[in-house]
Protein chains: 2
Amino acid sequence: MPAYGQYCPVARALEVVGDRWSLLIVREVLFGGRRFNEIERGLPGISRSLLSQRLQLLERGGVLERRVREEGRVPEYALTAAGRDLHGLIGALRDWGGRWAFDDPRPEELDPAWLLSSMSRRYRRGAVPRRMVLEFRLRGGRRSHVWLLLHPRSGSEVCLKHPGFEADLLITAETRALFKVWLGRLSRAEAERRGLLRMEGAADIRRAFPEWFEWPSLPPSRGAAVGGSPAAARG
Amino acid sequence: MPAYGQYCPVARALEVVGDRWSLLIVREVLFGGRRFNEIERGLPGISRSLLSQRLQLLERGGVLERRVREEGRVPEYALTAAGRDLHGLIGALRDWGGRWAFDDPRPEELDPAWLLSSMSRRYRRGAVPRRMVLEFRLRGGRRSHVWLLLHPRSGSEVCLKHPGFEADLLITAETRALFKVWLGRLSRAEAERRGLLRMEGAADIRRAFPEWFEWPSLPPSRGAAVGGSPAAARG
DNA sequence: CAGTATCCTCGAGGATACTG
DNA sequence: CAGTATCCTCGAGGATACTG
């Protein structure tokens, strides 16, 4: 971001992380995004060239580092000490946004691929005894069928096509409701009671499921600073 | 700022306050800037039309309000509850910036008019028994002679021309040093010892002077994430 | 004092195609 | 898989002049 010409720590901070997308990129890496395509998946709408340019700016800004661990392996991005220290700033943004700008999802935000990338990023490694396949059948979003693979050791994977394994847990839901449940704006019980979400699978798996993720915790809304679409208010 | 298309509180917050200049405008109002020209003075380099547009965006975003108190009076800007709640975010920016992006001032940042507007914003109303005139004679900045008027009740005023009153306190300084002292990056004693700053006036006034302002408190630098100009490292 | 209206520029960033 | 190079567009925002 061009300089502000002020010897002020707020202005200086914004020069480094104030560019459009930059803090969202940091958010991705903060939650474990390491590879280029992985980071990109968490930022639908960004172009590859812009992501590439922003990553370079953040590297020059001392916020992250690009590393090629071994000859021939893919590059990985990691936060520096300064970058990790941005967690407080991201937290402040999340708190404020949750309180004042986080009403119901807008239709164009209902992208299941993004939701799953977000869940995948918050998967607790090793929380699962064996490979688990979660199947999502969704209504009212930009995609109706997605899968999430949880590996016991390595990590998790988003699949937009049938992964070839049978599902251990089938989640059928209104996309809007699934988003709200994930982001703590609607309880699972309430969603199930209202027929907006249903989970099928072995009882122990259904019971254990919530433990597999670190659910985002948000402050309660204190009124919309910005209004959402009126249609969004329903549910 | 255009939408990010993510149902994420961080992204939503950035949609409201992530535009260039927006958080600096909030900073100005947070520290008591109320009128258009007053806010503008804290943001050298912004154009009036851009400031006007950003103020409108922030108003639509629910962050501030524009009010005309009485028929015929000038409009004033005030933060809403959501806007006041941004102090945590601004604080996080200041903390991070102070730690990782706040090395020595760059030459183009040495604008005494801005520094005085900043001091003026942090003047403690009523800290002064009678009207006080501070005269600054500065070297190495974009301006060499400025005045700050402190009124016992109403507030403070920056003057770029002789205010017509005799000075109660004369501060002669290297502009760079004055900036660093104000922002806690150099102690007054050290600056005086090194001949970078001198204060002349009645002893009790010189002694009382620090109490007239709320001095910005910054975290210590933990290493520059971004490098300043090498020449800036000296003083 | 506090803006707004209009015109114009230039640079950020998308689209596309290409590479180690 | 992880980018980069090139070309082109369009819109953000500066300059200027004007107003209640």
Side-chain angles (χ1 to χ4, degrees), chain A residues 1-5 14-15 17-25 28-29 33-61 64-78 108 117 154-155 157-160, chain B residues 1-5 14-15 17-25 28-29 33-61 64-78 108 117 154-155 157-160:
Chain A
M1 183 168 273
Y4 284 106
L14 288 171
E15 288 179 15
V17 298
D19 288 295
R20 182 162 164 77
W21 293 109
S22 289
L23 281 170
L24 295 182
I25 292 169
E28 289 304 304
V29 184
R34 309 200 146 281
R35 286 153 50 166
F36 189 88
N37 284 352
E38 199 178 350
I39 296 168
E40 192 201 9
R41 245 170 276 135
L43 305 167
I46 198 173
S47 71
R48 313 199 97 223
S49 48
L50 185 54
L51 175 56
S52 169
Q53 194 245 26
R54 287 292 191 272
L55 285 167
Q56 285 176 34
L57 280 180
L58 287 170
E59 194 176 1
R60 273 200 278 147
L64 51 76
E65 274 172 2
R66 179 179 187 277
R67 287 190 279 222
V68 181
R69 281 197 185 276
E70 282 170 53
E71 184 66 22
R73 289 198 53 181
V74 293
E76 298 197 341
Y77 296 89
E108 65 274 20
S117 123
S154 47
E157 237 177 304
V158 178
C159 296
L160 304 182
Chain B
M1 182 165 274
Y4 283 107
L14 288 171
E15 288 178 15
V17 298
D19 287 296
R20 182 161 165 78
W21 293 109
S22 289
L23 282 169
L24 296 182
I25 292 170
E28 289 304 305
V29 184
R34 310 202 145 279
R35 286 153 49 164
F36 189 89
N37 284 352
E38 200 179 349
I39 296 168
E40 192 200 9
R41 244 170 276 133
L43 305 168
I46 199 172
S47 71
R48 311 199 98 225
S49 48
L50 186 54
L51 175 55
S52 169
Q53 194 245 25
R54 286 292 192 272
L55 285 168
Q56 285 176 32
L57 280 180
L58 288 170
E59 195 176 0
R60 273 198 278 145
L64 49 77
E65 273 171 2
R66 180 181 187 277
R67 287 189 277 223
V68 181
R69 281 196 185 276
E70 282 169 55
E71 185 65 24
R73 289 198 52 182
V74 294
E76 297 197 342
Y77 296 89
E108 65 275 20
S117 121
S154 47
E157 235 177 305
V158 178
C159 295
L160 304 181

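Numbered from 1 within each chain, the chains take letters A, B, ... in sequence-line order.
Evaluation of the side chain to side chain contact (heavy atoms under 4.5 Å, CB included) rule for A:S47 yields A:S49, A:L50 as partners, not counting sequence neighbours.
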Atom pairs under 3.5 Å, N or O on each side, protein against nucleotides 16-19 of chain D: can you list them with distances?
none

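If you check every strand for non-hydrogen atoms under 4.0 Å, B:Q56 touches sugar and phosphate atoms only.
Interface residues of residues 69-76 of chain A facing DNA chain D, ordered by number: A:V74, A:P75; criterion, heavy-atom separation under 4.0 Å.
D:dT4 atom P lies 13 Å from atom CD of A:E40, rounded to whole Å.
OP1 or OP2 of D:dG3 has at least one side-chain nitrogen or oxygen of A:R66 nearer than 4.0 Å. Within the structure, every side-chain polar atom (N or O) of A:Q53 is placed at least 4.0 Å from both OP1 and OP2 of D:dT4. In terms of phosphate contacts, B:R48 brings no side-chain nitrogen or oxygen within less than 4.0 Å of OP1 or OP2 of C:dT4. Side-chain nitrogen and oxygen atoms of A:R20 include none within less than 4.0 Å of the OP1 or OP2 phosphate oxygen of C:dG13.
Picking from D:dG3, D:dG13, C:dG13 the nucleotide with the shortest atom distance to the side chain of A:F36 gives D:dG3.
Between the side chain of B:Y4 and the main chain of A:W21, a donor-acceptor pair closer than 3.5 Å is present.
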For residues 34-42 of chain A, run the donor-acceptor check on the side chains, cut-off 3.5 Å, and write out each pair with its distance to 0.1 Å, sequence neighbours left out.
residue, atom, partner, partner atom, Å
A:N37, OD1, A:R48, NH2, 2.2
A:E38, OE1, A:R34, N, 3.4
A:E38, OE1, A:R35, N, 3.1

Would you list the atom pairs, donor with acceptor, under 3.5 Å between side chains in residues 68-76 of chain A and any protein atom, with sequence neighbours excluded?
none

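Rounding to the nearest 0.5 Å gives a distance of 11.5 Å between CG of A:L24 and CG of A:L51. Here CZ of A:R20 is found 11.0 Å from CD1 of A:I25. Values are rounded to the nearest 0.5 Å. Here B:L64 contributes atom CG and B:L57 contributes atom CG; the two are 10.0 Å apart, rounded to the nearest 0.5 Å.
Within the 4.5 Å cutoff, no side-chain heavy atoms of B:L55 are placed close to those of B:R66.
Between B:R67 and B:A78, the shortest heavy-atom contact is NH2-CB, 3.1 Å.
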Wobble G-U and Watson-Crick pairs count when both distances are under 3.5 Å; given that, what is the 5' to 3' dot-bracket string of DNA chain D, with | for pairing to other strands? ||||||||||||||||||||
